[in-house]
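Nothing here was measured: the structure is a model prediction, and the numbers come from that model. Basis for what follows: all heavy atoms, side chains included, without hydrogens, waters or symmetry-related copies.
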Amino acid sequence: MTFSSIDATEMHQLGYGVQNAGKGLTECAAQLRAILNEVELTHPGVAVIGRIGQWLTDQAPDLYRRRDLAYEAGKVDVDVFGNPVPGAVVPAGMTRIDETRIIPATVRAEAAQAAPLFTAAARGDAGAREKLAAFAERLSEPQFATALVEQLGARGLLAIPAAMGTRVRKALDADDASAAAVRRQNRDVLSMLSRALATATDPTGSARLSRKSLEELKQQGRTEIPAPDMGGLTNPGYWSLGQILAAAPRQAYSAWFMKTIGQDMIRWDRDYLKQHRVRFLPKDTDVYNLPAPIDTRPFQGSDAIGTADPIAALMTVAGTSRERAQALLDSRDLLTYLLKDRRPQWAMGDRGESLGTAMEAAMKGTDAGSKRLAVIATQLLADEVKPRVSVNDAGEIEFKNPSELDRLSGIRRSMGRILAEHSDDVVFSYFWNQPRADDNELTGHVDGRNTARFNPTDLDLVMLETAVDDQGYQALLRGEIADMRGKIDQGLAAGNEKLLNNVIALNSTALGHLVEARRMALVGRGREADAADEELRKLVQEGIGLVPVPFAGQAGKAGLEAAGSIYENFVKGGYTKAGDWLVKQSGHAGGKTGKAFSDAASNDLAAQELVKQMLASSAVAHEAYSHKDLNPFIAVKNPPRVKDPLDMNKAEYEYFTRWIADNTTVPANYKEAQQSAYIGAKELRDNLKAATKDE
C-alpha cells in the first residue's frame with residue numbers, strides 16, 4: 001500500500017480548476033483551428049494546446065477520486081456531484097488516503113470496453129457474450145472489477161437483469177423452447193457480473209467501490225427500473241440485484257457488503273410492504289409480469305420454476321459463511337421482520353428455506369454471536385407460535401389456523417439443527433428455569449465456553465413448531481442423545497457419581513420436553529400418537545445407547561485428566577454430527593432390545609432404556625465392573641474383560657444385562673431417567689398451558 005495525505009477541500013478545488021482549464025484549452029484549440037481554417041492555415045501549436053487540454057481533462061477524475069477517498073476516510077457524506085451534503089462536517093487539515101486504490105487509466109479503459117458487452121449480452125447479443133469470455137479472469141481483480149462496476153453505474157448494473165427478464169418473457173409468451181437456453185445464457189452472464197460486484201465490494205481488496213457509489217446503489221435499489229419493450233413494466237432495482245445474487249449463490253460476498261447493501265435490501269423490502277402491502281412475486285405463468293431471468297427453484301426441491309425472490313437470493317448467499325450470515329442477521333429489528341411480518345412473502349416462494357440456511361450459518365456455532373442470535377431467534381419464533389396455539393380441556397394442543405405457521409415451514413428443519421447444536425444449553429435452561437433474558441443478557445461464559453440463556457417456555461413453543469417437521473425433530477433428538485451419551489461416558493470415566501446422576505436427571509428431563517412436544521405437535525395436526533413416539537423407540541431398539549464413545553480409551557491410558565476431554569472430543573464436530581454418527585454406528589446393533597419394549601413402550605420408558613444402554617456401554621468401555629469370575633459367555637480372554645455390547649448377539653446381550661446388574665460398580669439409577677422424562681413432559685404441558693391461557 002502507498003499512502004499520501006491530502007486536504008479534501010483543496011483537492012476538490014484543484015480538480016475543479018484542472019477540469020475547467022482542460023475545458024478552456026480544448027475550446028481555445030477549437031477556436032484557433034476554426035480561425036486558421038478560414039485563412040487556410042495550420043499550426044502545430046493548435047494540436048499541442050488541444051492535447052494539453054485533453055490531458056488536463058483526463059486528470060480531473062483522478063483528482064476527484066482522491067478527494068472522494070479523503071471524504072470517505074473522514075466519513076463525510078457527499079452528493080452525486082461530490083460536494084459535502086448540507087450539515088456534513090469536513091475534518092480540517094490533511095487526510096491520509098491509500099493511493100493504491102486509485103485505478104490506473106489503462107485498467108479503466110479495459111473496463112470501459114467490457115461494460116457495454118454486459119448490456120449487449122443482456123439483450124441477446126451472442127457476439128457480446130463471446131467477447132465477455134476474454135474478461136472472465138479479470139473479474140476477480142479488485143481494480144478491474146471496481147472500474148467495471150463504476151463504468152456500468154448503479155442504474156446500468158440493475159438494468160441488466162430487467163433486460164434479461166424481458167427476453168425470457170417473450171420466449172415464454174411465444175411458447176418457445178428457447179426459454180431454457182436463454183436462462184442458461186443469462187445465468188452465465190449474471191454469474192460473471194456477480195463475481196465482479198463481490199470483488200468490488202470487498203473492503204480487503206486494493207480497490208473497492210466508494211461510499212458514494214454504494215449510496216448510489218442503495219438509491220437505485222429503491223428506484224423502479226423499466227424493463228425494455230414491456231409497455232412500461234418496471235421492477236425495483238433491488239429486485240434486479242437479487243437476480244444477480246441468485247445467479248451465483250456460492251459467490252463469496254464480504255460481510256461488509258451484507259452489512260451495508262444486504263441489510264438495506266431487507267429494509268427496502270420491509271418499507272415496500274408497509275407502503276404497498278405484500279409485493280407480488282411473479283412466476284412464469286404470470287404473463288403480465290417480469291419472470292426470473294434464470295431458473296430459480298421453489299420450496300424443497302420441486303422441479304417447477306419458482307418465484308424470483310430477491311431476499312431469498314440474499315439469504316442463500318449469506319448462508320455460505322458464518323461471518324456473512326451474522327453480518328446480515330445481526331439485527332433484532334430486521335430478524336423480527338423476516339420471522340414475523342414477511343411470512344406472506346415467504347409463502348409465495350420457498351417458505352423461508354433460504355432464511356433457514358442463513359440462520360443456520362449464523363447461529364449454529366459455539367461463538368458468542370451464534371449463541372446470542374440463536375436465543376433471539378427462539379424468542380421471536382416463540383412469540384409467533386404462542387398466539388396460534390391453545391391447550392384444550394384434555395391437555396392437548398389445538399392449533400389456530402396452522403397455515404399461518406406453515407407459511408414459514410421452510411425454517412423448521414434449520415431451527416431443529418440450530419437448537420441441536422446448543423443441546424447443552426437447552427438441557428441446562430430447563431434446569432435453570434429463568435425468565436426470558438434481556439438483550440444484554442442473552443449469553444454467558446462458563447468454564448471457558450460461551451453459553452446461550454434460553455427461556456424454557458420459549459424453547460417449548462419453538463420445539464412445538466420445529467418438532468412437527470421430521471428432519472427438525474430428528475436433529476433435535478439426535479443432538480440431545482449425543483449430549484447425554486458423551487456426558488454419561490465422561491462421568492463414568494472420571495468416577496464422578498454426582499455428575500452421572502445429574503446428567504441422567506437433567507438430560508432425561510430435556511428429552512421428556514422434546515418427545516412430548518413432538519407428540520403434541522403431531523396429535524394437534526391430526527396424526528396418531530404412536531407415530532410421534534416411533535422415532536425414539538426405534539433409536540433405542542437399534543441400540544443407539546450401546547455405541548461406545550470415541551476416545552473412551554484415553555481415560556484408561558492417561559488417567560482421569562483425559563476423562564475430562566472425552567465429552568469435548570466427542571462433540572467437537574457438533575452435537576448433530578455426533579448424533580448422526582451414533583445413529584450410523586447403532587444400525588447393526590438392532591434387535592438386542594426386546595421387541596415387547598418397542599411395541600408397547602412410552603417415551604418415558606424409552607428414556608429409561610436409553611440410559612440403561614448408555615451406562616452398560618460405558619461400564620464395559622471403562623471396565624467399571626467386578627473382574628472376579630468373568631463369565632466366559634460374555635468375556636474376552638486376552639486381556640480378561642467383557643466384550644463390547646455391540647459385538648454381542650441377542651442371547652449374549654440378554655445374559656450380559658443380567659450379569660452387569662449384579663457386577664457393575666455403576667449406580668444403576670435407571671428409574672430416575674424414566675421419572676425425569678415424565679417430569680419433563682409434564683413441565684412442557686404446564687408451560688404451554690400457562691403461556692397460552694390468555695391468548
Side-chain angles (χ1 to χ4, degrees), residues 266 269-270 273-274 277-278 299 309 311-312 315 329-360 362-363 372-391 397-419 422 426 429 435-439 442 452-469 471-473 475-476 513-514 517-518 520-522 524-525 684 687-695:
I266 300 173
D269 195 64
R270 180 181 59 186
L273 182 143
K274 290 179 180 178
R277 296 189 177 183
V278 177
F299 186 47
D309 184 353
I311 302 302
M315 294 297 151
L329 300 179
D330 190 19
S331 165
R332 177 184 280 272
D333 182 43
L334 295 182
L335 197 54
T336 300
Y337 165 69
L338 293 170
L339 292 173
K340 180 180 179 181
D341 298 325
R342 201 179 192 271
R343 285 175 175 266
Q345 198 84 13
W346 291 120
M348 293 185 192
D350 68 0
R351 296 183 180 269
E353 195 170 355
S354 54
L355 172 61
T357 299
M359 289 172 63
E360 277 196 64
M363 302 174 189
R372 184 176 64 84
L373 286 173
V375 177
I376 291 175
T378 302
Q379 293 177 352
L380 296 176
L381 280 173
D383 288 342
E384 290 302 294
V385 177
K386 182 178 175 180
R388 295 179 171 90
V389 297
S390 62
V391 180
I397 281 291
E398 292 181 347
F399 289 94
K400 304 172 186 175
N401 194 7
S403 61
E404 288 295 317
L405 294 174
D406 292 341
R407 285 177 163 183
L408 206 50
S409 59
I411 71 166
R412 286 170 179 158
R413 62 193 59 181
S414 293
M415 201 63 205
R417 289 189 283 259
I418 290 168
L419 289 179
H422 303 294
V426 169
S429 293
R436 177 179 286 189
D438 295 331
D439 275 3
L442 300 176
R453 292 172 175 167
F454 297 106
N455 167 257
T457 302
D458 287 340
L459 284 172
D460 286 342
L461 286 163
V462 173
M463 285 187 179
L464 190 68
E465 163 69 356
T466 302
V468 75
D469 180 89
Q471 293 184 38
Y473 174 64
L476 281 165
H513 278 261
L514 173 58
R518 168 71 166 179
M520 295 183 80
L522 293 187
R525 288 174 178 263
L684 177 129
N687 286 343
L688 294 178
K689 190 172 183 179
T692 60
K693 66 179 180 180
D694 296 326
E695 294 298 330

What is the minimum heavy-atom distance between Ala437 and Leu442, and which atoms define it?
-> O-CD2, 3.7 Å
Check whether any side-chain heavy atom of Leu338 lies under 4.5 Å from a side-chain heavy atom of Met315, and answer yes or no.
-> yes
Should Arg417 and Gln471 count as side-chain neighbours, where that means a heavy-atom distance under 4.5 Å?
-> yes
Under the salt bridge (charged side-chain N to carboxylate O under 4.0 Å, His left out) rule, collect the residues that match up with Asp439, sequence neighbours excluded.
-> Arg332
Only one of Arg412, Arg388, Arg351 clears salt bridge (charged side-chain N to carboxylate O under 4.0 Å, His left out) with Asp406; which?
-> Arg412
What closest approach, in Å, do Pro387 and Glu384 show between heavy atoms, and which atom pair accounts for it?
-> CD-O, 3.5 Å
Just jot down the ring pair (Phe, Tyr, Trp, His ring centres under 6.0 Å) partners of His422, sequence neighbours excluded, or say none.
-> none
Could you check if a side-chain atom of Leu684 sits within less than 4.5 angstrom of a side-chain atom of Met520, using non-hydrogen atoms only?
-> yes
Applying salt bridge (charged side-chain N to carboxylate O under 4.0 Å, His left out) to Arg270 and not counting sequence neighbours gives Asp333
In Å and rounded to the nearest 0.5 Å, what is the CZ to CG distance from Arg407 to Asn401?
-> 8.0 Å
Rounded to the nearest 0.5 Å, what's the gap from OG1 on Thr378 to CD1 on Ile418? Could you check?
-> 8.0 Å
Validation row: Glu404, Arg343 side chains within 4.5 angstrom (heavy atoms) = no
Qualifying residues under salt bridge (charged side-chain N to carboxylate O under 4.0 Å, His left out), relative to Asp341, sequence neighbours excluded | none
With Arg342, which residues qualify under salt bridge (charged side-chain N to carboxylate O under 4.0 Å, His left out), at least two apart?
-> Asp269, Asp309
Evaluate the side-chain proximity of Trp346 to Ile411: yes if any heavy-atom separation is below 4.5 Å, no if none is.
-> no
Spacing of Leu334 atom CG and Leu339 atom CG [to the nearest 0.5 Å] = 11.0 Å
Across all chains, not counting sequence neighbours, the side-chain contact (heavy atoms from CB on, under 4.5 Å) partners of Ala382 are Arg436, Asp458, Leu461, Val462
Candidates Asp460, Asn455, Leu459 - the one meeting side chain to side chain contact (heavy atoms under 4.5 Å, CB included) with Thr457 = Asn455
OG1 of Thr692 to NZ of Lys400, rounded to nearest 0.5 Å, is 7.5 Å
Rounding to 0.5 Å, atoms CZ (Arg525) and CD1 (Ile397) come to a distance of 11.0 Å
Hey, does His513 have a side-chain heavy atom less than 4.5 Å from the side chain of Val426?
-> no
Check whether any side-chain heavy atom of Leu381 lies under 4.5 Å from a side-chain heavy atom of Thr466, and answer yes or no.
-> no
Is the backbone of Glu353 close enough, under 3.5 Å, to the side chain of Thr357 for a donor and an acceptor to pair up by distance?
-> yes
About how many Å separate CZ of Phe454 and CG of Leu419, when rounded to the nearest 0.5 Å?
-> 5.5 Å
How close do Leu335 and Ile376 get, heavy atom to heavy atom, and via which atoms?
-> CD2-CG2, 4.1 Å
Provide the closest heavy-atom pair for Ala452 versus Ser429 in the form atom of the first, atom of the second, distance.
-> O-OG, 4.1 Å
